[in-house]
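What follows is a set of notes on a single structure, which appears directly below.
Numbers restart at 1 for each chain; the letters A, B, ... are given by sequence-line order, proteins then strands.
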There are 2 protein chains.
Amino acid sequence: MQPATTTDDDAAIAAGFEHFYETLRRLTPRGPLSLTAASTLRRLERSGPHRLCELYAPEGISQPAMTQLVTRLEKEGLAERTSDPNDGRAVVVSITEAGRAAVAHRRQVRAEALSELLRGLAPEEHAAVVAALPALERLSDLAAEQAS
Amino acid sequence: MQPATTTDDDAAIAAGFEHFYETLRRLTPRGPLSLTAASTLRRLERSGPHRLCELYAPEGISQPAMTQLVTRLEKEGLAERTSDPNDGRAVVVSITEAGRAAVAHRRQVRAEALSELLRGLAPEEHAAVVAALPALERLSDLAAEQAS
DNA sequence: CCTTTTTATATCACCCTCTTATGAACGGAA
DNA sequence: TTCCGTTCATAAGAGGGTGATATAAAAAGG
């Protein structure tokens, strides 16, 4: 019967992800960027400039926290504030070249550490991971649309 | 130089994991337990009591941070300190019943949120995720043994 | 128009968790 | 015993989060 097997699978998936999440977390030990800072920079890199009020909710932090984060990022030259000519209240945040470089560096460090691990996998395990990528991507999309 | 396909695959895997990691991070928004607290409790649950000096390195924090974390956990009744009769310096940390309950609850909340997402996957995507679980588990093991 | 309300950021005061530096107590070997 | 290494605790400070609140601009209402 369908429901039972699905539930069992889901429990196994949850357990696996729980463990795997910790592994990923330790793969990027400590950098100058906090988790939220890195995530926000990636968002700005990926989908362009955003108003501050569009940023804090998706990142799961409060508005004051985002104001402070943008202030820090600006101070470090990784992002910049611009004003919207059509709305005097708004602050438009965009990533700088240094910000892109920081994201790229962080990405590369993680990719290299991961690559090191991937070398330890058997070919069929490696293939299984590659085969699961589209599904993981869709999970991310589903989570994103659920949040809205 | 490695074979080109492996490098390309690894880049794709790194990119996919980067995105997926953020998804998992937001799946357990905020609880009374910090990431490190939850991870430490899971470790105590999984592999039994540990001396404090065996705990902080695997969790990626400093020794004072672990001392403070154990103090907080003890204050909340989730873990307890015991002294080792063979070594007066040592502190043995173990999880309490309340600690197990907290871990279980957190696990269940995450599992339910994940289950909700998994319902949105096509059957073959779901199967691909299940098929990749052993590989992900091995990746975690590889990372753990690399740390030692 | 002028007032009122709503929206978008910023600031304030505070808490939690991490850090480094340091101290104290115990164990083991000369 | 004495000395040194190990183990844990404490102290002081930094970073990043929160809720409450202030300010300024836009929108809404009479």
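Taking 3.5 Å as the limit, the base of C:dA8 and the side chain of A:Q63 contain no donor-acceptor pair of atoms between them. For B:Q68 and C:dT19, a side-chain-to-base donor-acceptor distance below 3.5 Å is present, hydrogens and geometry of angles not being considered. Remark: the B:R89 side chain and the D:dT6 base include a donor-acceptor N/O pair separated by less than 3.5 Å.
Per the geometry, CG belonging to A:L69 stands 16 Å off C1' belonging to C:dT11, to the nearest Å. When rounded to the nearest whole Å, the span between CD of B:E54 and C1' of D:dT6 equals 13 Å. One atom, CZ of B:R30, and another, P of C:dT17, lie 15 Å apart when rounded to the nearest Å. Taking atom CG of B:N86 as the reference point, atom P of D:dT7 lies 14 Å away to the nearest angstrom.
In this structure, the nucleotide among C:dT20, D:dT18, D:dC8 sitting nearest to the side chain of B:P64 is C:dT20. The nucleotide whose nearest atom lies closest to any side-chain atom of B:I61 is, among C:dT11, C:dT19, C:dG27, C:dT19.
The nearest heavy atom of DNA chain C to A:L52 and to B:G88 marks one nucleotide each, and the one closer to the 5' end goes with A:L52. Taking for each of B:R72 and A:D87 the nucleotide of DNA chain C with the nearest heavy atom, the 5'-most of the two is the partner of A:D87.
Here the side chains of B:V93 and B:L73 are not in contact, with every heavy-atom distance at 4.5 Å or above. A:Y21 is not listed as a side-chain neighbour of B:T23, based on a closest heavy-atom distance of 4.5 Å or more. Between B:R42 and A:E18 the shortest side-chain heavy-atom distance falls below 4.5 Å.
Between A:T67 and C:dT9 there is no side-chain N or O to OP1 or OP2 distance below 4.0 Å. Look at A:S62 and you won't find any side-chain N or O under 4.0 angstrom from OP1 or OP2 of D:dG17. B:S34 has no side-chain polar atom (N or O) that falls below the 4.0 Å cut-off from OP1 or OP2 of C:dC16.
Ion pairing of A:D10 with B:R119 is absent here, as no side-chain N (NZ or NE/NH1/NH2) approaches a carboxylate O to less than 4.0 Å.
Tested against B:Q108, the residues B:R106, B:R110, B:E112 include a single side-chain hydrogen bond (donor to acceptor under 3.5 Å, both in side chains) partner, B:E112.
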